[in-house]
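To start, the structure under review is shown below, and the notes come after it.
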Amino acid sequence: MKKAVITTLSVLIILLSVACNNRTDHNKHLVEIDSLITPRPDTALLMLKTFPANCLQTQADSAYYALLMTEAKDKNFIIQTEDSLIQFALTYYNGTNDTEKQARAYYYSGCVYRDSQKKKEAMTQFLIAEPLAEKAGKRRLLSLIYLNIGHLYYEQGLNTQADSIYLLAMQIGIQLKDSVLQAEILSRQGLIRMEKGEEFYPEAEKMMLKALAIVQKQSNIQLKENVFSSLCQLYNWMENGEKAIEFAKQNLGVQKDRTTCYKAFELLGSAYYLILQYDSARYYLQKSLSTTDYATKAGAYMYLADIAKEQGDLATSLEMERNYSAYLDSMQKSRQPDAIVCTGQEMPSNKQNIISKYTHYCIIGISIITLTLIVAVIILSYKKRKQKPNNRTEKEILYKAGLVLFEQSEVYDKMILIIRSHKEKAESEIMHQGDRLQLIAETDRCWNNIAQELQSRYHLTEDEIYLCCLYLTNLPISHFCHILSCERDTIYKKADRILENKMGFAHKEISLKEALKRNL
């Protein structure tokens, strides 16, 4: 196999040198490399690195080379933070009628911004690329754009928007009969279902196992890593330690560099924590701390704090807790969902502004009129919008901010203690009346007096308020059983009665947690 690749490269390089002596308007060997970039991205990248500089005699060839080099690096999963190459290509293609390459240039410009953690700029480029790819009829490129937009939404906690975008990508995957694309989407949709709550775990598992069946037949290492990682996270949430370890090990096994795969270490460490193998858990969790990713660090410190507490090392546990809180706070600050939403709202005028240079001034005029109207509406509604958040994104931000505060409270620590003791089948305390009142008070403190609001608006009993407070936490329903000392079916029935008899929702119209978030 290696001999065949080397022979192919040698022949193509000889052809390139010959091609330089016989220039055409479009360097045909760049076109040949372009044809290899999807099926053989590693070969395409090697050819681009050895491409003779004297063959790039025109601006068109230089722009084409810059586009291909950025694309080849992205397809080889090389992190790119320097955007000079792709910006050169973007500037050139914005002055041509080549819609297909213009779409690619905007897409890969977005990828560079994505790698640089410039989420707003990345979203802007992807949204500009979307109509261009559609106009050029490039369905596969359009699916990649949707995947990246969906991932940016997901990273910001905007799961509803992410799921909608993934559905568009799935439609393309089905049309193209692209099983790899479908597996990628199923894996990502499974994570979204998982985060909806325990009742969605079976649906998430079904999606991820379907993705697994596809990737087992593929050689796509990156896709296997994503699916194994997703399954490990799911079984971790389901508290199935054996399954979590199985897929955490498979995830670690497919890593290209086993020394820097920090997220894989954190997943395996958390899986060992589930089955109480603390020495193995600590080993892998500590290896994951070399990462710069706030979420991975926060997760590792959380488990390390619990392990130290279980082993009676309170000083270490306290230090780990402080580190966990610090990195959790950094993670929250690094997420700016408003910027992503704002980008999406501004793009309808901006997209059209660059599609054709011949309609430039006309669109500027329309944009000015549109912006004037928008400013007028904003001024009129400013006070109302300031007084009360009126969209789902703002409520989600309020909810998550309250959750961070709540998880630092004493009553939350007691609930975790009760849950952990049940897992270990040890004798445990119960939530006394004083603890219940403290839970309700903490809920009011963290979520703007929501318990008082619920009681006055829906005339809920103290037990019903208590259950609503539990639903506002990030704990699975299975853990409520330990705290309330009752069966899961009883909890569901109580929640349904609150929704239907007190809040006025139809049967199965909405979950109690979602209804509570609407009241924030």
Side-chain angles (χ1 to χ4, degrees), residues 25-45 47-49 51 56 58-116 118 121-152 165 168-169 172-173 175-176 178 180-181 184 222 343 347 350-357:
D25 289 338
H26 299 285
N27 196 316
K28 65 179 182 179
H29 292 294
L30 287 176
V31 177
E32 290 175 3
I33 294 173
D34 198 352
S35 68
L36 289 172
I37 209 161
T38 297
R40 296 297 305 274
D42 52 344
T43 302
L45 181 59
M47 291 172 66
L48 286 166
K49 287 180 176 179
F51 196 90
L56 303 175
T58 68
Q59 192 177 21
D61 285 344
S62 296
Y64 197 11
Y65 176 86
L67 173 62
L68 293 178
M69 178 60 82
T70 307
E71 183 173 351
K73 286 182 178 180
D74 185 77
K75 288 188 180 296
N76 280 280
F77 309 108
I78 296 172
I79 301 297
Q80 301 178 82
T81 56
E82 173 56 51
D83 67 346
S84 56
L85 265 183
I86 193 61
Q87 289 304 320
F88 172 76
L90 192 56
T91 301
Y92 175 78
Y93 289 118
N94 273 340
T96 70
N97 292 322
D98 193 337
T99 307
E100 184 262 342
K101 289 189 179 63
Q102 191 182 20
R104 285 166 66 182
Y106 271 105
Y107 170 71
Y108 287 104
S109 173
C111 291
V112 174
Y113 282 128
R114 176 202 64 204
D115 289 351
S116 305
K118 296 178 179 178
E121 292 84 351
M123 180 66 89
T124 300
Q125 302 302 82
F126 292 141
L127 288 170
I128 293 173
E130 180 192 348
L132 293 169
E134 196 162 4
K135 181 180 178 183
K138 295 298 176 180
R139 305 291 290 166
R140 196 171 299 279
L141 176 61
L142 191 59
S143 70
L144 294 176
I145 293 168
Y146 287 147
L147 278 177
N148 277 273
I149 292 174
H151 183 64
L152 285 172
I165 291 293
L168 295 176
I172 296 175
Q175 290 169 5
L176 298 178
D178 187 337
V180 173
L181 174 60
E184 178 74 23
Q222 186 67 36
T343 299
M347 286 314 302
N350 289 341
K351 286 180 191 174
Q352 302 304 322
N353 196 38
I354 51 83
I355 289 178
S356 172
K357 61 182 178 180

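Remember, it's a predicted structure, so these values are computed and weren't measured experimentally.
Counting heavy atoms from C-beta outward, Ile33 and Tyr65 have side chains that stay 4.5 Å or more apart. Looking only at side-chain heavy atoms (C-beta outward), Asp115 and Val112 stay at 4.5 Å or farther from each other. Under the 4.5 Å side-chain criterion, counting only non-hydrogen atoms from C-beta, Leu132 is not in contact with Tyr107. Residues Thr43 and Met47 form a side-chain contact, since some pair of their non-hydrogen atoms from C-beta on lies under 4.5 Å apart. Between Gln125 and Leu90, some side-chain heavy-atom pair lies under the 4.5 Å cut-off. Using a 4.5 Å heavy-atom threshold, the side chains of Lys75 and Tyr108 count as touching.
Between Phe88 and Ala66, the shortest heavy-atom contact is CD2-CB, 4.2 Å. Nearest heavy-atom pair, Tyr146 versus Ile165, reported as atom, atom and distance to 0.1 Å: O-CG2, 2.8 Å. In terms of heavy-atom proximity, Ala122 sits nearest to Leu152 at CB-CD1, 4.1 Å. Residue Asp178 comes nearest to Leu181 through the heavy atom pair OD1-N, 3.0 Å, listed as atom of the first residue, atom of the second, then distance. Taking both residues in full, the closest heavy atoms of Ala129 and Ala103 are given as CB-O, 3.7 Å, listed atom of the first, atom of the second, then distance. Nearest heavy-atom pair, Gln175 versus Arg139, reported as atom, atom and distance to 0.1 Å: OE1-NH2, 2.9 Å.
In terms of modelled atom types and a separation under 3.5 Å, the side chain of Thr91 and the main chain of Gln87 share a donor-acceptor contact. For Tyr93 (side chain) and Glu100 (main-chain N/O), no donor-acceptor pair under 3.5 Å exists by modelled atom type. In this structure a side-chain-to-backbone donor-acceptor pair under 3.5 Å is missing from Glu130 to Ile145. A donor-acceptor contact shorter than 3.5 Å links the side chain of Ser143 to the backbone of Arg140. Of the possible polar contacts, none joining the Asp61 side chain to the Leu56 backbone as a donor-acceptor pair under 3.5 Å is found. A distance-only check finds a donor-acceptor pair linking the side chain of Asn76 to the backbone of Pro41 [under 3.5 Å].
Atoms CG and SG, on Asp74 and Cys111 in that order, are 4.0 Å from each other to the nearest 0.5 Å. Note that NE2 of His151 is 9.5 Å distant from CZ of Phe126, once rounded to the nearest 0.5 Å. For the atom pair OG1 (Thr70) and CD (Glu82), the distance works out to 10.0 Å, reported to the nearest 0.5 Å. For the atom pair CD (Gln102) and CG (Asn97), the distance works out to 9.0 Å, reported to the nearest 0.5 Å. Rounded to the nearest 0.5 angstrom, Ile86 CD1 and Arg104 CZ are separated by 9.5 Å. A distance of 12.0 Å separates NZ in Lys73 from CD1 in Ile79, rounded to the nearest 0.5 Å.
Environment of NZ in Lys101: crowded, with over 12 heavy atoms of neighbouring residues, nucleotides or ligands closer than 6.0 Å. The local environment of NZ in Lys118 is sparse, with at most 12 non-hydrogen atoms from other residues, nucleotides or ligands closer than 6.0 Å.
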Quick one: do Asp42 and Arg40 satisfy side chain to side chain contact (heavy atoms under 4.5 Å, CB included)? Show the steps, please. CA-CA 6 Å; Asp42 52 344; Arg40 296 297 305 274; 3.7 Å; yes

